[in-house]
Each structure stands twice: as structure tokens, then as C-alpha cells.
Amino acid sequence: MERQELFNYIIKWADHSLILGQRLGEWCGHGPALEEDIALTNISLDLIGQARSLLTYAGEVEGKGRDEDQLAFFRDVRDFKNPLLAELPNGHFGDTVVRQFFSDHFLFLAYEAMMEQSSDEQLKAIAAKSIKEVAYHRKHSSDWIVRLGDGTEESQAKIQQSVDDIWEFTGELFTMDDNDRLALEAGVGIDVSLLRDAWLKNVQTVFEAATINMPDAEAWMQQGGKQGLHTEYLGYILAEMQHIPRAYPNAQW
Amino acid sequence: MVIENKENTIKEVWKLLEKVEDPEVPVLDVVNMGVARDVFFEEEKLIVVITPTYSGCPAMDVIGHNVKVALKEAGFEDYEVRTTLSPPWTTDWLTPIARQRLKEYGIAPPEDGTPDKGRLLSEDKVIPCPNCNSKNTTMVSIFGSTSCKAHYKCKDCLEPFDYFKCI
């Protein structure tokens, strides 16, 4: 697999974790309860840590001397390849929980497949490391889905609305673009389309315990993030995330 | 520093590493918590391999730095600290000494065995209170004050406590 294609493949995974981690970080000091504030930022920290490993590796593969910071802070909107789901606004706590729940269930299955199937030693190592952390994230978001869904009339209505609103951003996770197919053929990448059935089954299991109605699996789905075509939200995330390093390039602690 | 016997030097370095503390849980050292993975020579260069506990653990940079300081202070000149991700760190690597120290420090040590990653919802594990040993405890949050801990409270002595969760 050519360097640039492998770089593009790794960047998609890195950006998913980085942008979602940055989003969760916005909850710092604003969580609905102290314990949950700490939980959301713990998950954010794990995701940013995973992104650091992936970005560092992407930079090494690219071979142009870009490190994790240059890749995180000096790329623009079109260069980011995260799925749209990761950049959605936090909304209310239920919206954040649902976005996290969909992502956690996807990343768990993806890292499981990657650690078992990828021929790339470093991707395998990052996946094997990350899945241990994602397993905790998944339990946490699933617990909240049940607690809010099977909670009060108000929490049930709100979480069902969040599920219905965010559902259209889940389809993109399972799409295979040209680069994904190249990576799969090279034995490096995984076939994310094959993860969809297991994802739907797991999501449904939790929704049943939460008395949440499963949306239509065949509904029309948004996409574009993996090609660099983003919602208007990403620019604002980058503005906040990149401001300091762009204002003071090469600044060191 | 002239190294005459590499085998003995490696043994000394392991002893040296037992004095390098985890900045977040200072009763743990990098050897007994399983963060120091390997010590060897590449020709004349001493290599110390460490592995992160969690991907985003902010203590890792400090640990890497402290290992270098310890080597420098011991007189080493030609050395390198490398980070590896594989095999991934697990709480199973905490030695009995580390577990005992955690308990004395007021942090419940990890229960044996890694958790069932495939579970969709969190399990309700019985974690004895490190203060009064009561088993009448409850989990407040699966995420605690650092990446490696969960937050519990004891329903008998009413103290909140950290649990070093299995990973």
C-alpha cells in the first residue's frame, strides 16, 4: 500500500477520536454532576490519547516530518476525515450520551476487527490498547442509555428524541470508500460494512433494556466526513482547538 | 561511566527503576506497576522500554522524564527510553507488593482478572472498602480521579474511595 494511501487511512481513525475527544472536552466544568463531569473528561482523555498514537503513526508513515501536533493543529477542515457523527454539537446531556453510545459501539467492533485482522503491527497494537479503554466507554454510555430511557417520562422522551435526531449520522460509520477498499485489499484495513449487523444487534439489545424504539435501519443516512465534506460545526471546533498553536507557532511548554 | 558487566548493570538498572514513582500514585513504582517492560543493551547504548497504562495518561511523559533523570543521576551517558504499546498494559501486571501498597494508601487494588470486555452494561462487582474492609460498597462512577480508577463509596464507614479498575 502506498504511503499516502496508508496515511489517509490512519488519519480517518485518528480524526474520529480526536474530534470526538475535543467535543467531550467541552463538557469540562459543565457536566450535569461532578462524577459525570469527570467521566466525560476521562473518556475525552482516552480518545485524545488514542488519537495521539494514531496521528504520530500517520506522521511517521507519511515521512514528511509532521508530528502529532502538526497534524492536529495545522490541518484545515477539508483535511479532516472524521465521520460527521464525531463533530455533532454536544446538545443536552442526552444528545451527548447518544452520540457517544453510537460511536463507542462502533469503535469497539472496529478495534476488535483491527486487532484480529490487520497485518499492520502498529495499527494492531493501537487497536489492542484502545479496545480496553473503549470497552469501559461503551459500558458507561450503555448504562446511561438504560438509565435515561427506562427513567422518567421526561428523560425517556428526551433520549428517544436524541436517538431519532442522531440516527441519520450512524450510516456513514459503515461505508467503505475507495481508500478503505485499498486498505482492505492490502490486508491493513478492515471491512467496516461487515460490522453493521453486530452493531445493530448490540444497539437494539441496549435499546430494549432502555425501552427505546429502534429507528429504521434502512433510513436515509448523512455522509461526507470521511471525504472531508463536513458540517459547519467542524470549523468552529478547529477554531477553538487550533487557536493557540496557530497564534503562537512552535511555542513550547 | 564504564560498563564492565552488562548483565550486572541491567540488574542494577531494574533496582534503580524501583525508585521511579508514578507521579499520580506515588506509592507505585514503574517496576511493580508493570510500566517498565524491558532493559537491555543495544551495543553500548542502554535501552529502557516503558508502556503506557492508558493511551491518554498524562503521567507517561513525566514517567519517561523521571526514568531519564534516574539514569543520568546514576551516571549513565548513553541511554534511551522507548515506548511500546504492545502487548497492552494490564492491571494483571501489578505485583503483590504494588497491590498491598495501594490498599495501605487507601486505594482498593484491582480484583484479579481482566474484565469481560464484551459486556454491554457495567457489572456490579463487590469491591471491599480499603478503609474498613466492608463489602457493603457501591460504585458511584466507573470513571474516577485518574484514568486508571473508578469511584466507589462505602455504605458502612461512609467514606468515598478510589478503586484501581481492571483493564
Side-chain angles (χ1 to χ4, degrees), chain A residues 17 21 31 33-54 56-57 101 104-105 108-109 111-112 115 121-147 201-203 205-206 209-210 253, chain B residues 24 34-35 37 49-62 64-65 82-93 110 113-125 138-153 160-167:
Chain A
S17 295
L34 182 60
E35 292 78 7
E36 193 50 32
D37 194 291
I38 291 169
L40 291 168
T41 43
N42 258 276
I43 297 167
S44 167
L45 189 62
D46 284 342
L47 289 169
I48 290 172
Q50 292 158 16
R52 288 185 63 184
S53 298
L54 288 161
T56 299
Y57 183 43
F101 171 77
D104 291 342
H105 276 264
F108 183 90
L109 296 170
Y111 284 138
E112 188 176 49
M115 65 186 267
E121 288 303 321
Q122 186 64 6
L123 275 183
K124 261 174 117 91
I126 294 171
K129 177 91 199 148
S130 304
I131 195 170
K132 286 167 165 257
E133 295 155 4
V134 173
Y136 273 111
H137 306 166
R138 188 172 75 152
K139 284 173 190 169
H140 186 70
S141 58
S142 299
D143 282 351
W144 270 112
I145 290 284
V146 174
R147 188 165 162 192
K201 187 165 158 277
N202 289 342
V203 165
T205 303
V206 179
W253 284 108
Chain B
E24 285 181 344
V35 159
R37 301 310 305 155
V49 182
I50 58 174
T51 194
T53 51
Y54 283 74
S55 300
C57 181
M60 277 316 288
D61 290 342
V62 181
H65 176 77
R82 280 186 199 160
T83 302
T84 182
L85 293 180
S86 183
W89 184 80
T90 162
T91 34
D92 293 346
W93 292 345
T114 46
D116 177 5
K117 284 199 288 290
R119 275 187 71 103
L120 298 181
L121 299 171
S122 55
E123 53 265 78
D124 212 5
K125 253 187 178 177
T138 184
M139 186 175 78
V140 178
S141 174
I142 206 167
F143 296 96
S145 55
T146 64
S147 305
C148 51
K149 287 177 258 162
H151 187 194
Y152 276 72
K153 82 176 168 201
F161 66 91
D162 276 335
Y163 168 57
F164 209 99
K165 68 188 181 219
C166 295
I167 191 168

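Letters A, B, ... mirror the listed sequences (proteins, then strands); counts begin at 1.
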Does the plane of the ring in A/H137 sit parallel, tilted or perpendicular to the ring in B/F143? Use 30° and 60° as the thresholds. tilted
So how far is it from A/S142 OG to A/H105 NE2, rounded to the nearest 0.5 Å? 3.0 Å
Measure [X] against the heavy atoms of chain B and call it side chain, backbone, both or neither at under 4.5 Å.
{"X": "A/V134", "result": "neither"}
{"X": "A/L45", "result": "both"}
{"X": "A/T205", "result": "side chain"}
{"X": "A/Q122", "result": "side chain"}

So which of [options] has the biggest tally of heavy-atom pairs under 4.5 Å with chain A?
{"options": "B/T51, B/T83, B/L120", "result": "B/L120"}
{"options": "B/S86, B/S141, B/S147", "result": "B/S147"}
{"options": "B/T90, B/I142, B/I167, B/T84", "result": "B/I167"}

Test the A/K139-A/Y136 pair against the cation-pi criterion, namely NZ or CZ under 6.0 angstrom from the six-membered ring centroid and within 45° of the ring axis. yes
Any idea which heavy atoms bring A/R138 and B/R119 closest together, and the distance? NH2-O, 3.6 Å
Just do the side-chain contact (heavy atoms from CB on, under 4.5 Å) check on B/M139 and B/Y163 with the steps written out, would you? CA-CA 9 Å; B/M139 186 175 78; B/Y163 168 57; over 6 Å; no
